[in-house]
Structures are given as C-alpha cells and as structure tokens.
Amino acid sequence: MPDLSSAPVPPAGPDDHVRGEGEEGLIVYADLGCPHCAAAWQRLREEPGRLVFRHFPVAAKHPRSPALHAAAEAAGRQGSFFEMVDSLYADRGRVDDPHLWERAQRFGLDLDRLEFDRRSPETEARIKRDFRSGIRGGVAGTPAVFDACTLVAVREREF
Amino acid sequence: MIAVGEQAPDFTLRNQDGEKVSLSDFAGRKVMLVFYPGDFSPVCGDQLSIYQEVKPEIEEKGVELVGVSVDSFFAHKAFQEKLGIDTVLLSDFEPKGEVARAYDSYVEKMGFANRTLVLVDEDGVVAWTYESPNPGEFPGANIIFDALS
C-alpha cells in the first residue's frame, strides 16, 4: 500500500467527479455527513468554472458518512453523482437507507444496481483513493478547498 | 518544545478507563504522543477523528498513537465514545498539565497544551517533534507519516 506521507493533491483527472467546465477550477475534499460542507456546498456549486469533488468521509466524526459517499459513488455509476450529492447536502435529515432508495427512484436509477454498486470493493477503493490523496495533501478538516492543487480555504477555528 | 535527542520524561497518567499508564510501559516500542488542548473542542475532534482513519497504518509502522490532554479520564471516556475512536487518551489532570509542562508543550495563559506531536523511540528518546503554530491548527496525518518514513 502506498504511504501517506506529504504529496500535492493530484490535479483533476479523467475519473474525477467534475461539475462545470474549464481548464482551471477548484478541487474540494468534502464529507457528505459534514454540516459545514453542506453549507459551503451551496456556494461552491455556484462557482464559475470547473469544480472537482473528492471524497473525504470521516466516519468517527460522522458515522453515516461512509454509506453516503458509497451511495453517491454508486449513483455516479449511473450518471447521477452530483444529483445525489446535491440532494444529500440539501436534506441532511434524510440520510438513512430508505431515504437513499427514495432518492434513487426519484432520479430514475436502477435500485438493484445502486445497492450492488454501493457495496462493491470498487466503490470502496475509489472513495479510499480520494481520501488518501486528501490525507497526503494535508487535509485536516472539511471542507478543504484547493485551487491549482494549493490549499486555499479551510474553516478557521480557535481550538 | 522538548528537544529531539533528549530522554523523554517518564510519566504515569490515567487512561480513559482510569487505568494507570506510564511512558515506560511502551519501552521497546515507538509511541507518538499527541498533546491536544481539550476534549470536545471542534479542532481536537477533527484531529483525533482523522488520525483514527489512518491509525491502522500508523500501527503498521510500529507506532502507538496516544492522546494527552488536561481533561479528566471521565471526560476522555465520553469523548472517545462520542467520536467512536479507540485511541488511548491520557489524563494530564492533576497536577494539571504536569506532563505537558515536562514536554514544554503547556500554554500557561490558555491552561492547556498546545497541539504538539512527540515521537518517542524504542529507547525512550525523543526522535521527532512537531508544534502547531496555534491551537486552531492541527498537523494533518501526512505530517505523522512524513516523520515515520
């Protein structure tokens, strides 16, 4: 397994989750269970240009996060990644499995496939890949926003 | 901050279960002491939560992660349970901050330890240290892996 020592966050790649267009843009490491991410997402999603979303679930802080990231990743396999992300952030009180199924139906997704995909090793590996790149890039709390692979925004706190 | 190459001051503190733990208990193993301001603060919660995510890989490198703050062991237990973490948390409670002072990590005007990391090697010698510029920032887990690589 590659180590987790410091390394710049990778530039946007072809298998990143990308919203918008352009050569330049922001990369955000976010946790789908994090209320601060949900608030920031409402602004970030309106940013002009390209926006890359990378998974950074912190289960100890938000126990439901791994399931939510897996659901988003699985929805992405059916072309609805950002629909799921937007919906999860917009309605944070409805994140149990039945709520995920209801969303899948609303988005016109194949529910059986979603259920299979969100539990697959490929999904787990894909999420872990993002998380590890965030760790190596020094992500210490979410959301963490990078511009041209340089950290530009974190939440400021006293201690 | 205690200097690299110094013998790490031994101590005996209670863990989150009230059991006495000494630095000398770790003799022959490496231990990363994580001094942090206090249980239930937002940054401390993030720090220990993120470290928890990579704790197995820290342990694979032969290093035990141990948190230290001035909170009581009862608070440590509640904090550990709230976060769902299994990192050992030691209570530098009475005399308050005595161990943090011994490692020159205590911030007198704030009444708690600054956010510092101290790697103690198998022989009980300080092998590496890191001190955050202020308690509001914590070293990402990458900094720990930099120290261990």
Side-chain angles (χ1 to χ4, degrees), chain A residues 1-10 29-37 39-40 54-67 69-70 124-125 127-146 149-159, chain B residues 35-61 63 65 67 69-70 79-87 107 109-117 130 132-149:
Chain A
M1 184 174 281
D3 76 36
L4 287 169
S5 57
S6 298
V9 300
Y29 284 83
D31 182 333
L32 288 170
C34 163
H36 306 288
C37 296
R54 289 193 179 146
H55 301 283
F56 202 83
V58 181
K61 193 88 174 172
H62 307 292
R64 190 65 185 149
S65 290
H69 283 267
E124 183 183 1
I127 294 167
K128 190 171 278 189
R129 188 195 74 180
D130 279 0
F131 183 84
R132 294 175 68 86
S133 75
I135 289 287
R136 298 196 74 184
V139 172
T142 55
V145 182
F146 292 79
C149 302
T150 300
L151 185 62
V152 293
V154 293
R155 276 185 297 131
E156 290 191 8
R157 296 161 292 180
E158 188 178 0
F159 60 85
Chain B
F35 289 94
Y36 64 94
D39 294 342
F40 298 99
S41 92
V43 183
C44 299
D46 281 357
Q47 180 178 19
L48 294 175
S49 296
I50 288 178
Y51 289 1
Q52 178 72 28
E53 298 293 327
V54 297
K55 185 165 166 276
E57 291 174 66
I58 293 173
E59 290 171 346
E60 274 177 24
K61 291 182 174 291
V63 178
L65 203 60
S69 82
V70 296
F79 188 46
Q80 201 188 48
E81 288 178 353
K82 176 178 183 286
L83 294 179
I85 64 173
D86 60 6
T87 301
V107 185
K109 66 178 179 182
M110 303 189 90
F112 51 62
N114 192 10
R115 219 171 283 284
T116 47
L117 303 175
Y130 178 93
S132 287
N134 63 71
E137 293 179 30
F138 74 84
N142 56 316
I143 301 299
I144 294 176
F145 287 94
D146 288 349
L148 303 180
S149 61

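In the text below, chain A, chain B and the rest are named by the order of the sequence lines, each starting its count at 1.
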From CA spacing to verdict: side chain to side chain contact (heavy atoms under 4.5 Å, CB included), A:I135, B:I50: CA-CA 9 Å; A:I135 289 287; B:I50 288 178; 3.7 Å; yes
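Surrounding CD of A:E124 are at most 12 heavy atoms belonging to other residues, nucleotides or ligands under 6.0 Å away.
In this structure, CD1 on B:I58 lies 8.5 Å from CG on A:L4, to the nearest 0.5 angstrom. Note that the CD1 atom of B:I144 and the OG atom of A:S5 stand 12.5 Å from one another [nearest 0.5 Å]. In this structure, B:L48 CG and A:K61 NZ are separated by 9.5 Å, a value rounded to the nearest 0.5 Å.
Interface summary for chain A: among B:S41, B:S149, B:G84, B:A147, the most heavy-atom pairs under 4.5 angstrom belong to B:S41. Ranked by heavy-atom pairs under 4.5 Å with chain A, the first of B:G140, B:G136, B:C44, B:S132 is B:G136. For the set A:A7, A:G141, A:S6, the count of heavy-atom pairs under 4.5 angstrom toward chain B peaks at A:S6. Heavy-atom pairs under 4.5 Å with chain B peak, among A:G134, A:G138, A:A60, at A:A60.
Side chain of B:E53 to main chain of A:A59: a donor-acceptor pair is present (N/O by atom type, distance under 3.5 Å, no hydrogens or angles).
For B:P37, the part sitting under 4.5 Å from any heavy atom of chain A is the side chain, from C-beta outward, and nothing else. Contact of B:Y36 with chain A is not made at all, since no heavy-atom distance falls under 4.5 Å. Residue contact with chain B, scored on non-hydrogen atoms closer than 4.5 Å, involves the backbone of A:V139 exclusively. Within the 4.5 angstrom heavy-atom criterion, no atom of A:P63 approaches chain B.
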